[in-house]
Amino acid sequence: MQEEYPFRDIEPRWQRHWREAGAFRADAGDTSRKFYCLMMFPYPSSALHVGHGRNYIIGDAVARYKKMRGANVLTPMGWDAFGLPAENAAIKSGVPPRDSTFRNIATMKRQLEAWGVCYDWDREVTSCKPDYYRWTQWFFLKFLERGLAYKGKAAVNWCPSCATVLANEQVVNGLCERCDSRVVARQLEQWFFRTTQYAQRLLDDLSLLDGWPERVRTMQANWIGRSEGTRMDFALVPREDGAADPCAGVPCFTTRVDTIYGCTYMVMAPEHPHLKALVANLPQEREVREFIARASTESSLERASESLEKRGVFTGRRVINPYNGAAIPLWVSDYVLMEYGTGAVMAVPAHDTRDWAFAKKYGLPISISIQNPARSLRLEDMTDAYAEDGVVVDSGPFSGLHNREAIPRMTAWAAEKGFGGPMVHYRLRDWLISRQRYWGAPIPVIHCQACGVVPVPEKDLPVLLPENVEFRPTGESPLARCPAFMNVPCPRCGRPARRESDTMDTFVDSSWYFLRYLTPRLENAPLDRRVCDAWMPVDQYIGGIEHAILHLLYARFFTKVLCDMGLIGFSEPFAHLFTQGMICKRSEKDGLLYKMSKSKGNVVSPDRLIAQYGADTVRLYTLFLGPPEKDAEWDDRGIEGAHRFLRRVWRRVYENRDALRAARGLRPDPDAMDAAERDLHRKTHETIRQVTRDMEGAFHFNSAIARIMELVNAMDACGPAADGGAQRKAVYRAAAETVVLLISPFAPHVAEELWVQLGHAPGILAADWPAADHAALSRDEVEIVVQVNGKVRGRVTLPADAGRAAVERAALDVPGVRKHLEGRTVRKVVVVPGRLVSIATG
RNA sequence: GCCGGAGUGGCGGAACGGUAGACGCAGCAGACUCAAAAUCUGCCGAGGGCAACCUCGUGGGGGUUCGAUUCCCUCCUCCGGCACCA
């Protein structure tokens, strides 16, 4: 054994040991004590930085801890390997996406290994490999069969500068994430998954996810955005010229039907499908068409900007308020959105702020139909809409009701009269999965002149991505310019046909990878239900908060669909979710804190730090930074402290090697200990208790590590002399072994090495996690704090079993306490056994 | 605007309603050393006092309690999510 901590020698050696021993290979057969520990699989972008590391280090610590607790742990890893960055790199550098992706995978795999993070690599999955995306395509076909996949026209995010569509998450505040150009809407034929069909179940089942952070559940609930209200049809006043209309009426949705008697006009979105027909050949047609044209050129950012005054024009048409029969004007304005509700709203300026502003601007009538509790609302005093609750007034048979009471009654009335009724609306929209991009799973359908959209027969899967494709960004999928790919006979009629050139959103790939890990090499099916049902749900899922909505919602949706199809027997994929905070780093330029990322140029590579300090130091520091669910600031100086600590642990074992060896087999005997030994013995077991609590609870590894540091500090106060007593050695050895065991999930290499140095067989993962001995936690004497009027005025040491009366008597007798009681009468004494006495004076 | 989360030393952060600041970083002093590094020891919220000690202190204000960083009300600030949502 060397005096200096030889991490450069230890770490590669143990990494090889774990790999060769298959230390992380799960026992596929026995799932009675199964623990599926999953980390979100990464996108293989160039290389990992220490910010990424947090995710893997947390997961590895959990997996190691669970193994020591005797669980059959499954920790697989794979690659979310399709995606835009590889393709953009190909446009820039000419390196094919496949090449750069596999090169990046090799780099990241090496980095993970150097970190000492272990996986069952036999189960590795790579979403861009045909044996994986074949099944992604298969799921698409199954969705298509069940009517859950469909093609429809939709507005997509279009970046004019990159000449491509962007995913929602690539649009930041209306700007392209990469080039900061304004994103505009474009109408394109797109493929969708019908997520809206599952909106209610996705919402309801959130209540089953009590192992999820509350905030993630809240975010999902907000995203689904269930809103209960009323639907009603406004009949059109027929045209004077007698011309026919495309529809009999205009449906609209409201959550405030109680205000309907105050409705003085109606507003349509510029994109409303019937709008142009409604104004055909009217004097207003020209103005309306100009308005529509102008609205269509605006970016969503411009349209949504609060500062922009809402504009609108009168359509020349009127509609009938179904409640009171009033004919009211129909306007078109950009403050109404086609994508929410029905694309038309009833406007109640007296009780809606936006309607108020619009009515004021265009001189539209305003009419009060809800009174405040004081019944003091007067139109001439109002400076804004009254949107609060109140009493319904001037509303026919509903006048006099409280507005909250009126809502169900008025809704029922709509149903009774047949012009509307209750309606539930969701903010959630169908999932747009088309991408006009090359580096994704091709959508497996064929377009035939005669037969229309024809699914690729299952036996022809996978639809392979062609190689040697040109990547010029033109807005059309690169696949469309690849004749060898595009031209195929129609599977139905045999005539020449063309393949779909869009590929699938990469979130489709990541919606089922956790199932593929369970039978990664299965050839005739994507999964095996028996194996899935035995291992699922994932016991602990660990990933970044940035996936709180998209990935986690899509994966839940997929799981429910697969469950409905009978492919699996459970409907929620992730029982416990842990979302770690981001690692940030202060910018050298402006001194501000930014998320560590390549684009911000503030990344810290693990490679150099591991070379200089070792993986255990980097791991320990990463976990010690702060509570893992919170963002943390990376400061290179702090890493010295972690290294110093490991060096100290190493040296303590080295310095005391003779005593430690001599104590093998000796058991600490509380009856034979002196006071210092008993303190260390107690500290050892207190540390076990506290660290175990941190591991089981909120994963507060930072405080777990602090506890272990305290134990090492305590060991220094009770060092064993080479010729010292047997008890001293035994207690010290027990403390040292405890440190090694407790530190092993965080700093596994040094723990493995010291475990062997302490005379154990290699393989600390097979050792039992220590258990706290309650007898060791007890004390003969306790220090009691004495408070007078809430302030600490003294302490007294008493036998632990002293009775209340004795404690109180002793407390009142402490000199510092007596001083503060002089001239006062004791009003009340509270005794907290073993802790304190609180005295209140009159 | 709505919904979450958070405000504690110079810094990261600890504290089942019970001694606020554990643990670490940075800093200061000392030991060892020719010297430095490493290591070890001590100090390290603010103010007052020769000292024993005293006062203040967990974003502000109020409340519950013998006792509040912790529970309740209210306000302020910051961060995150959603947002012309009808």
Side-chain angles (χ1 to χ4, degrees), chain A residues 4 213-227 229-230 252-257 259 266-267 269 300 303-306 308 310 333-337 339-348 351-355 357-358 387 425-427 545-546 548-549 581-582 593 620-621 624-627 629-642 644-645 647-648 651 690 693 700 702-713 716 783-795 815-816 819 826-832 834-841:
Chain A
E4 282 309 309
E214 188 58 43
R215 66 169 170 159
V216 176
R217 291 198 283 171
T218 307
M219 281 163 76
Q220 291 218 350
N222 290 344
W223 185 265
I224 294 166
R226 181 189 155 101
S227 133
T230 313
C252 77
F253 170 74
T254 181
T255 53
R256 290 296 306 275
V257 67
T259 65
M266 175 180 247
V267 198
S300 55
R303 224 176 123 167
S305 87
E306 302 241 357
L308 197 73
K310 307 313 170 197
S333 171
D334 49 13
Y335 81 91
V336 175
L337 305 175
E339 57 271 25
Y340 190 83
T342 63
V345 301
M346 60 179 230
V348 184
H351 306 297
D352 181 285
T353 314
R354 290 153 305 159
D355 297 342
F358 194 78
H425 190 267
Y426 299 92
R427 208 191 69 100
I545 187 70
E546 65 275 18
I549 294 169
M582 290 181 304
L593 209 54
L620 199 71
Y621 176 63
F624 192 62
L625 273 177
E629 74 279 7
K630 291 213 286 188
D631 289 353
E633 180 184 343
W634 184 274
D635 178 355
D636 279 329
R637 278 180 307 184
I639 201 162
E640 288 280 355
R644 208 171 297 160
F645 173 68
R647 220 156 44 200
R648 200 146 76 94
R651 207 174 323 108
Q690 290 165 324
R693 204 180 53 203
H700 280 179
N702 58 325
S703 61
I705 291 165
R707 305 288 178 212
I708 300 168
M709 288 173 166
E710 281 183 56
L711 176 54
V712 174
N713 290 345
D716 283 357
E783 191 187 56
I784 305 281
V785 169
V786 188
Q787 295 181 337
V788 178
N789 293 329
K791 291 200 170 72
V792 178
R793 296 302 185 187
R795 298 142 212 276
K819 198 174 79 187
V826 173
R827 187 160 56 84
K828 186 172 183 179
V829 179
V830 178
V831 177
V832 181
R835 298 206 76 120
L836 61 69
V837 176
S838 182
I839 302 161
T841 66

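The structure presented is a predicted model; accordingly, all values stated were derived computationally and were not measured. Every chain is numbered from 1 and lettered A, B, ... according to where its sequence line falls, protein lines coming before strand lines.
With sequence neighbours left out, the side-chain hydrogen bond (donor to acceptor under 3.5 Å, both in side chains) criterion links A:T218 to no other residue. Residues passing the side chain to side chain contact (heavy atoms under 4.5 Å, CB included) test with A:Y621, sequence neighbours excluded: A:L625, A:W634, A:D635, A:I639, A:A642. In this view, A:E546 satisfies the side-chain hydrogen bond (donor to acceptor under 3.5 Å, both in side chains) rule with no residue, not counting sequence neighbours. For A:F645, there are no ring pair (Phe, Tyr, Trp, His ring centres under 6.0 Å) partners, not counting sequence neighbours. Shown here are the salt bridge (Lys or Arg N to Asp or Glu O under 4.0 Å) partners of A:R215, two or more places apart in sequence or in another chain: there are none. Partners of A:R648 by side-chain hydrogen bond (donor to acceptor under 3.5 Å, both in side chains), not counting sequence neighbours, listed by chain and number: A:N713, A:D716. Not counting sequence neighbours, the partners of A:S703 by the side-chain hydrogen bond (donor to acceptor under 3.5 Å, both in side chains) test are A:D694. Judged as a salt bridge (Lys or Arg N to Asp or Glu O under 4.0 Å), and not counting sequence neighbours, the contacts of A:D352 are A:R354.
Taking 4.0 angstrom as the limit, A:R354 places a side-chain polar atom (N or O) nearer than this to OP1 or OP2 of B:rC85. Using a 4.0 Å cut-off, some side-chain N or O of A:R647 falls inside it from OP1 or OP2 of B:rU39. Taking only side-chain nitrogens and oxygens, A:R693 never comes nearer than 4.0 Å to OP1 or OP2 of B:rC16.
Glycosidic torsion of B:rG9 falls within 90° of 0, placing the base in syn.
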Are any protein N/O atoms closer than 3.5 Å to N/O atoms in nucleotides 18-22 of chain B? If there are, list each pair with its distance.
residue: B:rG18; atom: O2'; partner: A:R835; partner atom: NE; Å: 3.2
residue: B:rG18; atom: N2; partner: A:Q787; partner atom: OE1; Å: 3.2
residue: B:rG18; atom: N2; partner: A:S838; partner atom: OG; Å: 3.4
residue: B:rU19; atom: O2; partner: A:R795; partner atom: NH1; Å: 2.4
residue: B:rU19; atom: O2; partner: A:R795; partner atom: NH2; Å: 3.2
residue: B:rU19; atom: N3; partner: A:R795; partner atom: NH1; Å: 3.3
residue: B:rA22; atom: O2'; partner: A:E710; partner atom: OE2; Å: 3.0

Using a cutoff of under 3.5 Å, can you pull out all pairs of nitrogen or oxygen atoms linking the protein to nucleotides 25-32 of chain B, with atom names and distances?
residue: B:rC25; atom: OP1; partner: A:R644; partner atom: NH1; Å: 2.7

Please list, for nucleotides 55-57 of chain B, all pairs of protein and nucleotide N/O atoms separated by less than 3.5 Å.
residue: B:rU55; atom: OP1; partner: A:R793; partner atom: NH2; Å: 3.2
residue: B:rU55; atom: OP2; partner: A:R793; partner atom: NH1; Å: 3.2

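Between the side chain of A:D631 and the main chain of A:M582, a donor-acceptor pair closer than 3.5 Å is present.
Atom OH of A:Y335 and atom C1' of B:rA83 are 17 Å apart (whole Å). Between the NZ atom of A:K630 and the P atom of B:rC78 there is a distance of 18 Å, given to the nearest Å.
Within 4.0 Å of A:N713, counting heavy atoms only, lie sugar-phosphate atoms of the nucleic acid but no base atom. Counting any heavy atom pair closer than 4.0 Å across all strands shown, A:R215 reaches sugar-phosphate atoms only and no base atom.
On the C1' atoms, B:rG67 is 14 Å away from B:rA20, given to the nearest whole Å. One C1' atom belongs to B:rC82, the other to B:rG13, and the distance between them is 31 Å to the nearest Å. A gap of 22 Å separates the C1' atoms of B:rA68 and B:rU77, to the nearest Å.
Between A:E633 and A:M709, the residue anchored nearer the 5' end of RNA chain B, judged by the nucleotide with its closest heavy atom, is A:E633.
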Writing each nucleotide of RNA chain B 5' to 3' as (, ), [, ], | or . by Watson-Crick or G-U pairing under 3.5 Å yields (((((((..(((.....[....))).(((((.......))))).((((....))))..(((((..]....))))))))))))....

